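Residue numbers run from 1 in the order of the sequence given. Basis for what follows: all heavy atoms, side chains included, without hydrogens, waters or symmetry-related copies. Owing to the predicted nature of the structure, the values given are computational and were not obtained by experimental measurement.
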Amino acid sequence: MENHNDPSGYWRANVRLILGSLIIWALCSYGFGILLRPLLAGIRIGGTDLGFWFAQQGSIGVFIILIFFYAWRMNKLDKQYGVDEE
């Protein structure tokens, strides 16, 4: 059980959440859209290949999902450490 009055634990959890989100976003935008595009070229989605789709729409969609996930998870983290606004 984490100490709910420990600000360093709160920031460690916050930074871990940010780094995880950035890794997922980088994998989807840079990895799937650029680096792995030749491997995804054979998979068709919406009339184009999956690599192009990730570069054009997929990375933006993942980014928006990550924004909502981050907000939801931070609300839970804020309540856990007693720094929520309510």
Side-chain angles (χ1 to χ4, degrees):
M1 181 102 186
E2 295 180 3
N3 183 357
H4 297 297
N5 295 324
D6 179 21
S8 64
Y10 173 79
W11 287 108
R12 266 195 308 275
N14 187 1
V15 169
R16 190 171 48 243
L17 180 60
I18 291 170
L19 288 176
S21 298
L22 284 174
I23 289 170
I24 291 169
W25 183 57
L27 179 66
C28 289
S29 62
Y30 187 70
F32 293 155
I34 297 171
L35 296 177
L36 299 175
R37 183 163 182 215
L39 297 175
L40 301 173
I43 303 170
R44 307 290 291 175
I45 183 169
T48 187
D49 67 272
L50 188 58
F52 180 79
W53 183 84
F54 264 108
Q56 297 301 312
Q57 283 95 12
S59 62
I60 296 169
V62 169
F63 183 67
I64 291 171
I65 291 168
L66 283 173
I67 289 171
F68 285 104
F69 172 76
Y70 178 80
W72 170 76
R73 187 64 185 101
M74 280 306 297
N75 284 334
K76 286 182 70 172
L77 193 65
D78 288 348
K79 287 179 185 173
Q80 179 182 347
Y81 282 90
V83 294
D84 55 335
E85 296 178 2
E86 295 175 6

Taking only residues two or more places apart in sequence, or in another chain, which ones meet Asn75 in a side-chain hydrogen bond (donor to acceptor under 3.5 Å, both in side chains)? none
Qualifying residues under side-chain hydrogen bond (donor to acceptor under 3.5 Å, both in side chains), relative to Arg44, sequence neighbours excluded: none
Strictly by salt bridge (Lys or Arg N to Asp or Glu O under 4.0 Å), give each pair with a member in [range] just once, sequence neighbours left out.
range: residues 47-56; value: Arg37-Asp49
range: residues 22-36; value: none
range: residues 51-64; value: none

Under the side-chain contact (heavy atoms from CB on, under 4.5 Å) rule, collect the residues that match up with [X], sequence neighbours excluded.
X: Ile18; result: Asn14, Leu22, Tyr70
X: Phe63; result: Trp25, Ile67
X: Leu19; result: Val15

Please round to the nearest 0.5 Å and tell me the distance separating atom CG of Leu39 and atom CG of Leu50. 11.0 Å
All salt bridge (charged side-chain N to carboxylate O under 4.0 Å, His left out) counterparts of Arg73, not counting sequence neighbours: none
Can you list every pair that meets side chain to side chain donor-acceptor pair (under 3.5 Å) and has a residue in residues 56-66, with sequence neighbours left out? none
Connecting only ILVMFWY residues whose side-chain heavy atoms lie within less than 4.5 Å of each other, what is the rest of Phe68's hydrophobic cluster? Ile60, Ile64
Residues 27-53 vs ring-ring contact (aromatic ring centres under 6.0 Å, His included), sequence neighbours excluded, gives Phe32-Phe54
